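Below you'll find the structure, written out as structure tokens, and then a few comments.
Just so it is clear, the structure is predicted and the values come from calculations on it, not from any experiment. So you know, we letter chains A, B, ... as the sequences are listed, proteins then strands, and number each from 1.
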Amino acid sequence: MSQLKVYNSFSRQKEVFKSITPGHVGMYVCGPTVSGESHLGHARPYITFDVVHRYLKHLGYKVRYVRNITDAGHFEEEGREAEDKISKKALLEKLEPMELVQKYTNLFHWAMEQFNTIPPSIEPTATGHIVEQIEMIKQIIEAGYAYEANGSVYFDVKKYAANYDYGKLSGRVIDDLLETTRELEGQEEKKDRADFALWKNAAPEHIMRWQSPWAVGYPGWHIECSAMATKYLGAQFDIHGGGMDLLFPHHESEIAQSTICNHIAPVRYWIHNNMITINGRKMGKSYNNVIKLTELFSGDHPLLEKAFHPMTTRFFILQTHYRSTLDFSNDALVAAEKGLKRLWDAYEKLRVMSYEFREGTLDEELDSKIAKLLNEFEEFMNDDFSTAKVMANMFEIVSTINSMKDKTIPVSAISKETFELLQSSFKTWLEDILGLTSFSEADSTKLQGVMQLLIDIRKEAKTKKDFATSDKIRNQLTELGITLKDEKGGDMSWSIE
RNA sequence: GGUCCUUUGGCCGAGUGGCUAGGCAAAGCUCUGCAAAAGCUUCUACAGCGGUUCGAAUCCGCUAGGGACCUCCA
């Protein structure tokens, strides 16, 4: 069996994954800022790391998966007006800040459920960990790597860089950072431009404020992840994930803070997913090109010709390697939808298929081909989570499954062992690891009974060449959104659109 | 301006130096009361130029396009 290799952003190469504590994995993923609705771009990391999570569990690890909720306002634009995102939005929507946070948290959870992601083991909120954050800031000040100015506290990047490697993760050269020519207002409190806030003094009009040793205010953005990751995963943990756009300054700063507090590099493997683009451009608030998840699911967006099922989105995302950009378009999603349907239909056929041995039908070439394709699943996944390749193999097998169903080739063209491996592998990989699930409402037993009745009637009508009746059944079902298909050998199958 | 990434067939996308990824679309055929689905077949591409090599989509250089980060950002 091959070993799991992951691409570590820190070393910029694939490394064999070895957890700190054998049998256990600690994983932290940067969660959403719940000051607004999640969009398609946000879906990517959560689906990507859901598969990572599922795969680690499949490998037998006990995983503690921590994903935070950022519900404390950090700066909209550091230095400019020190605006509190959440307070600002709350005013607009005339909600209590916590009411707003709750609303978007609920919406986020709902979307994650739609995507069939497994909830994290711990989902800590920033507001619930103000004490821990203040403690951490105190430690950094005591260590001499932070200073107070007008009730705000800043991290001393220059000093840190003199003793540690600041900028390694994001490939930044510290001198360039220190000498940046960019003019930002309100920076006079900082000793240096590269310094970042740990605590921010907040004016009374800010609704979300907390008492602290320095001034009433709120924590800097980076400190929450350092504090919560340390609390729940320890000074050093295995995996830290997030979007590539968080590499700098967020994760770079996290490393600096945690290293000073805990005297050890916080993370063994940094894993970053690439962005979803739209017309080649990153989907993001700043570009005003986002498609919200609710819009995606309802089809209510100028760029969408129809609604797309969450499973289509999940499939679409997993069909690309997580470190490549993924370009969104209506057509690309339509293609994904059709592909997923084909794959899932084949899987459902496979599930109810049983092995019938027939002498002399074994096709050894096919048998070993199928076995090889199945065994490669793990190899591909171990190679930095190559879900796209796993799926490509599945599609290669789909043809064979369909042929068996159509009886073009006998089931015993492959050996019993291979057939059983095929059934179990598809279940494990499609459902448990890739996390795909049925996207139809066809699961109700009552509905299945009704459908069986209609199918029986239609079969009788067809036998009697009463095509008026048989067509009526099929056509009216079509109008209801249920497709009835005649199979080879007189059987019928149905699916809900 | 700095740092880094990227450029694959009609579209989306995988690609670890030698072996047709895969999906969608398209065309033809088979099956079929009709339809739908399915199966089979066809479609061999790697931005351009140069280099390394027996051999390059894959390594190196240059040129051109696109993008990300440097500021909130998944």
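Using a 4.0 Å cut-off between a side-chain N of Lys or Arg and a carboxylate O of Asp or Glu, A:Arg54 and A:Asp50 qualify as a salt bridge. We find that A:Glu376 and A:Lys372 are joined by a salt bridge, their nearest charged nitrogen and carboxylate oxygen being less than 4.0 Å apart.
The phosphate of B:C34 (OP1 or OP2) has no side-chain N or O of A:Lys462 nearer than 4.0 angstrom. For A:Lys407 and B:G39, the shortest distance from a side-chain N or O to OP1 or OP2 is not below 4.0 Å. For B:G13, the OP1/OP2 oxygens have no side-chain nitrogen or oxygen of A:Tyr322 closer than 4.0 Å. Between A:His272 and the phosphate of B:A74, there is no side-chain N or O to OP1/OP2 separation shorter than 4.0 Å. Taking side-chain N and O atoms only, A:Arg342 has a distance below 4.0 Å to OP1 or OP2 of B:G39. Residue A:Asn402 places at least one side-chain N or O under 4.0 Å from the OP1 or OP2 atom of B:G39. Taking side-chain N and O atoms only, A:Arg474 has no distance below 4.0 Å to OP1 or OP2 of B:C34.
Atom CE in A:Met492 sits about 16 Å away from atom P in B:A35, given to the nearest Å. The nearest whole Å value for the distance from the NE2 atom in A:His240 to the P atom in B:A74 is 13 Å. Between the CD atom of A:Gln319 and the P atom of B:C24 there is a distance of 9 Å, given to the nearest Å. Atom CG in A:Leu326 sits roughly 8 Å away from atom P in B:A14 (whole-Å rounding).
Within 4.0 Å of A:Leu343, counting heavy atoms only, lies no atom of the nucleic acid at all. Residue A:Lys338 is classed as a sugar-phosphate contact, given heavy-atom separations below 4.0 Å to backbone atoms only. Residue A:Ser399 is classed as a sugar-phosphate contact, given heavy-atom separations below 4.0 Å to backbone atoms only. Looking at heavy-atom distances under 4.0 Å, A:Asp331 makes no contact with the nucleic acid at all. Residue A:Met394 is out of contact with every strand shown, counting any heavy-atom pair closer than 4.0 Å. Within the nucleic acid shown, A:Phe108 has no heavy atom closer than 4.0 Å to any nucleic acid atom. Within 4.0 Å of A:Arg281, counting heavy atoms only, lie sugar-phosphate atoms of the nucleic acid but no base atom. Using a 4.0 Å heavy-atom distance criterion, A:Ser286 is classed as a base contact. Nucleic acid contact class of A:Met244 (heavy atoms, under 4.0 Å, all strands): none. Base engagement by A:Ile276 is indicated by at least one non-hydrogen atom pair under 4.0 Å involving a base atom. Looking at heavy-atom distances under 4.0 Å, A:Phe395 makes contact with sugar-phosphate atoms alone, never a base. At a threshold of 4.0 angstrom between heavy atoms, the contacts of A:Leu246 are confined to the sugar-phosphate backbone, with no base atom among them. Looking at heavy-atom distances under 4.0 Å, A:Asn393 makes no contact with the nucleic acid at all. When heavy atoms are screened at a 4.0 angstrom cut-off, A:Gly242 is found touching the sugar-phosphate backbone but no base atom.
Interface remark: the A:Asn274 side chain does not form any donor-acceptor pair with the B:C5 base, using a distance-only criterion of under 3.5 Å.
Partner assigned to B:C4 is B:G67, using Watson-Crick or G-U wobble distances below 3.5 angstrom. In a base pair of the Watson-Crick type (N1 to N3 plus N6-O4 or O6-N4) or a G-U wobble (N1-O2 and O6-N3), with each distance short of 3.5 Å, B:G22 is matched with B:C12. Nucleotide B:A45 has no partner under the Watson-Crick or G-U criteria, as no pair reaches both atom distances under 3.5 Å. The base-pairing partner of B:A38, taking Watson-Crick or G-U wobble contacts with both distances under 3.5 Å, is B:U30. As the counterpart of B:C59, B:G51 is assigned, both hydrogen-bonding distances of the Watson-Crick or G-U wobble pattern falling under 3.5 Å.
Side-chain atoms of A:Glu396 lie closest to B:G22 of the nucleotides B:A14, B:C34, B:G22.
Under the 6.0 Å cut-off for aromatic ring centres, A:Phe380 and A:Trp429 do not qualify, their centroids lying 6.0 Å or more apart. With ring centers used as reference points, A:Phe115 lies 6.0 Å or more from A:Tyr46.
Within the 4.5 Å cutoff, the side chain of A:Glu378 has heavy atoms near those of the A:Tyr55 side chain.
A:Arg67 forms no cation-pi arrangement with A:Phe49, by the criterion of a distance under 6.0 Å to the ring centre and an angle within 45° of the ring axis.
Applying side chain to side chain donor-acceptor pair (under 3.5 Å) to A:Arg458 and the options A:Asp486, A:Asp471, A:Thr469 leaves one that passes, A:Asp486.
To the nearest whole angstrom, the two C1' atoms, one in B:A68 and one in B:A74, are 13 Å apart.
With centroids closer than 5.5 Å and planes inclined by less than 30 degrees as the test, A:Tyr46 and the base of B:A74 fail to qualify as a stacked pair.
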